[in-house]
Amino acid sequence: MRNLTEANLTDAVVAKLATCPNPRLKQILTSIVRHAHAAVREVELTEAEWIEGIKFLTATGQKCDDKRQEFILLSDVLGVSMLMDAINHRKPTGATESTVLGPFYIEGAPDLPHGSDIAGKTPGEPTIVSGRVVTTDGKPIVGAVLDVWQTASNGLYSSQDPNQDLYNLRGRFRSDADGRYTFRTIKPVSYPVPTDGPVGDILRAMGRHPYRPAHIHFIVSAPGYEGVATHLFAEGDPYLESDAVFGVKDSLVVKFKPVAAGGSLEVQYDFGLKKVA
Ligand code: BEZ
Ligand code: FE
């Protein structure tokens, strides 16, 4: 293994994986090596560009801590997260489609009774969200857990905003004997993904905006069923066609309809869960 050239270097590196005892790791590393070499070859990467790339990845790692995961954000804005989501969550008819989890979920949101308001004093358009959790053939699922979170009207999640209580605009609800759930909140707003780190720099370098269309996050789960991490997006949002993380699906876009009497909005949505095989 000497005098390796542009023509045979990739195969030489892949051949080194012959000793890798874990077949799945071997498969993944072989693919990464082949694709990384192909990219370098295709663009004829310069040394200055390689250094820029190394600096970018270093800064991405340095931006991470126990609250901030800049690598996941990078995966999100490059569409890698949604590609994995599509591959890992192929849903049958009747099962609610999944979308990106995002970095702002926190465990331990309070269990709240049917009809509770998760917005407290947060300003915004009052909204009642209700519907059912059902099987793929439409039968009610009793006792499903709906873990809900969203931004305040300033576009920030409670975990990003020292002026909000930790569990503001978050809660866990359970479907009742008819599979029904209801909670009160405020209409979510569109907001930018964090742009104060390397991912913001690369979005600006690509000439892309950082916005996500307004949405409410849900993780819906029930024993014996495949849980789903998903969102409900607000119909009419200007960013539905250009979500910074590629997460929008038609089946998840809902109307925030004015309620005839009383000045609030209402959203109705039935979540479908697939039985575990
Ligand atoms: C979110 O919807 O909370 C989110 C998803 C991906 C990246 C940033 C935020
Ligand atoms: Fe979000």
Side-chain angles (χ1 to χ4, degrees), residues 60-61 63-89 96-109 118-119 122 124-125 127 129 146-161 164 166-172 183 185-204 206 208-220 227-249 251-254 256 267 269 271:
T60 301
K63 195 74 191 169
C64 296
D65 59 25
D66 56 340
K67 293 218 178 63
R68 177 86 178 248
Q69 230 310 344
E70 196 75 357
F71 275 113
I72 295 186
L73 189 58
L74 180 60
S75 160
D76 295 340
V77 302
L78 295 181
V80 176
S81 305
M82 280 308 293
L83 178 59
M84 280 209 313
D85 184 71
I87 290 166
N88 284 277
H89 301 287
T96 295
E97 290 190 283
S98 56
T99 188
V100 64
L101 178 68
F104 301 119
Y105 173 66
I106 48 179
E107 283 182 18
I118 60 170
T122 322
E125 288 182 83
T127 300
V129 185
L146 299 99
D147 208 330
V148 180
W149 69 106
Q150 69 167 82
T151 51
S153 7
N154 62 0
L156 295 175
Y157 287 90
S158 60
S159 48
Q160 297 173 284
D161 183 357
Q164 292 181 54
L166 181 58
Y167 290 115
N168 191 41
L169 290 160
R170 298 174 188 266
R172 273 158 58 98
F183 63 93
T185 185
I186 50 171
K187 189 177 180 189
V189 296
S190 19
Y191 66 87
V193 302
T195 55
D196 58 341
V199 170
D201 295 339
I202 201 135
L203 284 173
R204 284 183 286 277
M206 290 189 286
R208 278 174 53 185
H209 75 69
Y211 280 87
R212 299 216 62 210
H215 57 270
I216 305 175
H217 289 258
F218 292 82
I219 297 175
V220 185
V228 64
T230 193
H231 310 350
L232 295 182
F233 292 96
E235 191 180 276
D237 189 284
Y239 296 106
L240 285 171
E241 298 302 328
S242 64
D243 181 6
V245 304
F246 308 97
V248 178
K249 294 174 177 174
S251 67
L252 303 176
V253 178
V254 295
F256 283 67
V267 169
Y269 193 82
F271 293 94

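Counting convention: from 1, in listed order, for ligands and their atoms alike.
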**Q** Of the non-hydrogen atoms in L240 and A234, which two are nearest, and what is the gap between them?
**A**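 In this case the closest contact between L240 and A234 is CD1-O, 3.7 Å.
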**Q** Are H209 and Y239 near enough that their ring centres are under 6.0 Å apart?
**A**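 Distance test on ring centres: under 6.0 Å, yes.
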**Q** Taking the inter-plane angle between the rings of H215 and Y157 on a 0 to 90° scale, is it parallel (under 30°), tilted (30 to 60°) or perpendicular (over 60°)?
**A**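 Plane angle between 30° and 60°, so tilted.
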**Q** Quick one: how many protein N/O/S atoms are under 2.8 Å away from the Fe ion (ligand 2)?
**A**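 Excluding waters, the total comes to 4.
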**Q** Put together the list of close N/O pairs, under 3.5 Å, between ligand 1 and the protein, could you?
**A**
{"unit_1": "ligand 1", "atom_1": "2 (O)", "unit_2": "Y191", "atom_2": "OH", "d": "2.7"}
{"unit_1": "ligand 1", "atom_1": "2 (O)", "unit_2": "R212", "atom_2": "NH1", "d": "2.5"}
{"unit_1": "ligand 1", "atom_1": "2 (O)", "unit_2": "H215", "atom_2": "NE2", "d": "3.1"}
{"unit_1": "ligand 1", "atom_1": "2 (O)", "unit_2": "H217", "atom_2": "NE2", "d": "3.0"}
{"unit_1": "ligand 1", "atom_1": "3 (O)", "unit_2": "Y157", "atom_2": "OH", "d": "3.3"}
{"unit_1": "ligand 1", "atom_1": "3 (O)", "unit_2": "Y191", "atom_2": "OH", "d": "2.9"}
{"unit_1": "ligand 1", "atom_1": "3 (O)", "unit_2": "H217", "atom_2": "NE2", "d": "3.1"}

**Q** Checking R212 now: which residues fulfil salt bridge (charged side-chain N to carboxylate O under 4.0 Å, His left out) with it, not counting sequence neighbours?
**A**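 Checked R212 against salt bridge (charged side-chain N to carboxylate O under 4.0 Å, His left out); matches are D243.
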**Q** Which residues pass the salt bridge (charged side-chain N to carboxylate O under 4.0 Å, His left out) test with E97, sequence neighbours left out?
**A**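 Partners of E97 by the salt bridge (charged side-chain N to carboxylate O under 4.0 Å, His left out) criterion come out as none, since no residue qualifies.
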**Q** Within the structure provided, determine whether S81 and V245 are in side-chain contact (heavy-atom separation under 4.5 Å).
**A**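 No, their side chains stay 4.5 Å or more apart.
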**Q** Does Q160 use its side chain to pair, donor to acceptor, with the backbone of F104 at less than 3.5 Å?
**A**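 Checking the backbone N and O of F104 against the side chain of Q160, no donor-acceptor pair under 3.5 Å is found.
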**Q** Could you walk me through whether K63 and D201 pass the salt bridge (Lys or Arg N to Asp or Glu O under 4.0 Å) test, one step at a time?
**A** CA-CA 12 Å; K63 195 74 191 169; D201 295 339; over 6 Å; no
**Q** Do F271 and L232 have side chains that get closer than 4.5 Å, going by heavy atoms?
**A**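 The answer is yes; the side chains approach within 4.5 Å.
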